[in-house]
There are 2 protein chains.
Amino acid sequence: MSDRDDAVWKSLGEFIKAQRELANLSLRQLAELAKVSNPYLSQVERGLYKPSAEVLKNLANALHMSAETMYGQAGLLDEDSKGAAPHGVENAIKLDPALSQDQKETLIRIYRGFTER
Amino acid sequence: MSDRDDAVWKSLGEFIKAQRELANLSLRQLAELAKVSNPYLSQVERGLYKPSAEVLKNLANALHMSAETMYGQAGLLDEDSKGAAPHGVENAIKLDPALSQDQKETLIRIYRGFTER
DNA sequence: ACTGTATGCTAAGTTTACCAAGCACACGCT
DNA sequence: AGCGTGTGCTTGGTAAACTTAGCATACAGT
């Protein structure tokens, strides 16, 4: 059950702290901007807690950076993950509200038939 | 204060369920792939809980989609990342370097057949 | 009939993200 | 000397994410 991603989350805290100081913000100032309490932000910066995605998004906004960058630093953006990137077609199909589930299934099956060899 | 997110999270559960069924996975199968318990996944799909970013990432991996797409559907990407274009499917097909011209035409023809009445 | 197994759901519990209140130190003021 | 305000940190508590054990149905072998 134990995770060994400690280093990942610890460095996330250091990253946030670095960005905060780079923006010349105090703990409380950033906490208010990101709509979290200041003790909690302190604990996040020291790696005691893993902030939720919602908090990360607010922090990213407060620090004027994209949420993707934040998630990437948090280690939950799957660095190179297996074949997610080159499949823009599949994602577009899956997200299209004009298609029924059966139709999506059909299209994806055909698409995979084309791309697999 | 957080009521305005309800619709977002509710649809996230439906989205996950749709993707799961699209991949022909049972609740337990997807739960195992995403390293969560199956009752929890059931509750997530019905909108009772907001999955954490880590769970979201694992779910995205298990469903062969990018984590960004997942976060986008979950509504916790910056609001500047706007909603998917209604006809992103055709563009994605045209831009896919893995498809031949014939294959692109075939896919687009099928897609249009689906979306026309 | 009677298992065995697959499906999803419920109940009860543990863990943890997160907050409100307050502590301790440092730096200006008057 | 005080007083006020800024900094980050600690302490208790609550709510929600998440798990383990188990229920109920449905469908396949004997």
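Atoms considered below: every heavy atom in the structure, side chains included; atoms not considered: hydrogens, waters and symmetry mates. Naming convention: chains lettered A, B, ... in sequence-line order (proteins, then strands); numbering from 1 in each chain.
- Considering only heavy atoms from C-beta on, B:Ile16 comes within 4.5 Å of B:Met70 through its side chain.
- With DNA chain D read from its 5' end, the first of the two nearest nucleotides for B:Val55 and A:Asn38 is the one closest to A:Asn38.
- Within 4.0 Å of B:Lys35, counting heavy atoms only, lie sugar-phosphate atoms of the nucleic acid but no base atom.
- Remark: P of C:dA17 and NZ of B:Lys50 are 16 Å apart, rounded to the nearest angstrom.
- The nearest whole Å value for the distance from the CD atom in A:Glu32 to the C1' atom in D:dG6 is 15 Å.
- Interface residues of residues 22-31 of chain B facing DNA chain C, ordered by number: B:Ser26, B:Leu27, B:Arg28; criterion, heavy-atom separation under 4.0 Å.
- Contacts of A:Ser52 with the nucleic acid, taken as non-hydrogen atoms under 4.0 Å apart, involve only primed sugar atoms and P, OP1 or OP2.
- Distance CD (B:Glu54) to P (C:dT16): 12 Å, rounded to an integer number of Å.
- Of the listed nucleotides (C:dC19, C:dA17, D:dT19), C:dC19 has the atom at the smallest distance from the side chain of A:Gln43.
- Atom C1' of nucleotide D:dC18 and atom CG of B:Asn58 are separated by 13 Å, given to the nearest angstrom.
- When each of B:Ser42 and A:Pro39 is assigned the nucleotide of DNA chain C bearing its nearest heavy atom, the one mapping closer to the 5' terminus is B:Ser42.
- Contact annotation: A:Arg20 reaches the phosphate of D:dG8 (side-chain N/O to OP1 or OP2, under 4.0 Å).
- For the pair B:Tyr40 OH and C:dT14 P, the computed distance is 19 Å after rounding to whole Å.
- Between A:Arg28 and A:Glu32 there is no salt bridge, since no side-chain nitrogen of the basic residue lies less than 4.0 Å from a carboxylate oxygen of the acidic one.
- Spacing between atom CG of B:Leu41 and atom P of D:dT20 amounts to 14 Å, rounded to whole angstrom units.
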